[in-house]
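A quick write-up on the structure given underneath.
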Amino acid sequence: MEGFWTLQFTGVQGWGTGTVTLANGLVSGGDSAFTYTGTYTQQGSTPNVMGRDEFDLDLTGTKQGNTIAATGVIPGTQFRLNGTLTKQG
């Protein structure tokens, strides 16, 4: 789970790409519009991530090998995000 990941995602504003590092329960990364900071916990094979910038983003996903298929939601809104994280290195 821990390491450097690239991500590709789609949401209400279209698609995007970014990077994220998961280490010691901390999330750090970004894309062309936002920085990602927060914490994560792993329950079984499914990580739970809270990204912090100007909103919370709850992510759930399933890890298979070096990829995670993730779905996200901003609590209290209709905003949905789908993405794939690929572990590098």
Side-chain angles (χ1 to χ4, degrees):
M1 190 68 209
E2 293 194 355
F4 180 71
W5 298 77
T6 56
L7 58 112
Q8 297 177 328
F9 57 89
T10 57
V12 294
Q13 294 183 341
W15 64 274
T17 61
T19 61
V20 66
T21 299
L22 305 176
N24 300 317
L26 300 176
V27 176
S28 178
D31 59 38
S32 63
F34 294 98
T35 57
Y36 317 142
T37 59
T39 61
Y40 72 92
T41 58
Q42 185 171 345
Q43 299 172 347
S45 62
T46 304
N48 292 321
V49 181
M50 291 287 285
R52 304 247 184 232
D53 194 345
E54 294 190 22
F55 54 84
D56 290 337
L57 176 64
D58 292 338
L59 290 175
T60 59
T62 304
K63 183 175 182 287
Q64 287 189 336
N66 287 336
T67 62
I68 298 173
T71 302
V73 62
I74 296 176
T77 73
Q78 296 288 335
F79 178 77
R80 298 286 184 267
L81 176 129
N82 294 304
T84 302
L85 290 84
T86 305
K87 190 169 187 178
Q88 304 300 308

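Computed from a predicted model, the values in this text were never measured in an experiment.
- The side-chain contact (heavy atoms from CB on, under 4.5 Å) search around Leu81 returns Phe9, Leu59, Phe79, not counting sequence neighbours.
- Applying the side-chain hydrogen bond (donor to acceptor under 3.5 Å, both in side chains) test to Thr84 and every residue at least two apart in sequence or in another chain returns nothing.
- With rounding to the nearest 0.5 angstrom, the OG1 atom of Thr10 is 5.0 Å from the CG atom of Asn82.
- Proximity of a side-chain donor or acceptor of Lys87 to a complementary backbone N or O of Gly65 within less than 3.5 Å is not detected.
- For the residue pair Ile68 and Gly61, the shortest heavy atom distance occurs at CG2-CA, 4.1 Å.
- In the hydrophobic cluster analysis, where Ile, Leu, Val, Met, Phe, Trp and Tyr join through side-chain heavy atoms closer than 4.5 angstrom, Tyr40 is grouped together with Phe34.
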Side-chain donor-acceptor pairs under 3.5 Å in residues 14-23, sequence neighbours left out?
none

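- Gln8 meets the side-chain hydrogen bond (donor to acceptor under 3.5 Å, both in side chains) test with no other residue; sequence neighbours excluded.
- Residues meeting the side-chain hydrogen bond (donor to acceptor under 3.5 Å, both in side chains) test with Asp31, sequence neighbours left out: Tyr36.
- The main-chain N or O of Thr62 is never found under 3.5 Å from a side-chain atom of Gln64 such that the two would form a donor-acceptor pair.
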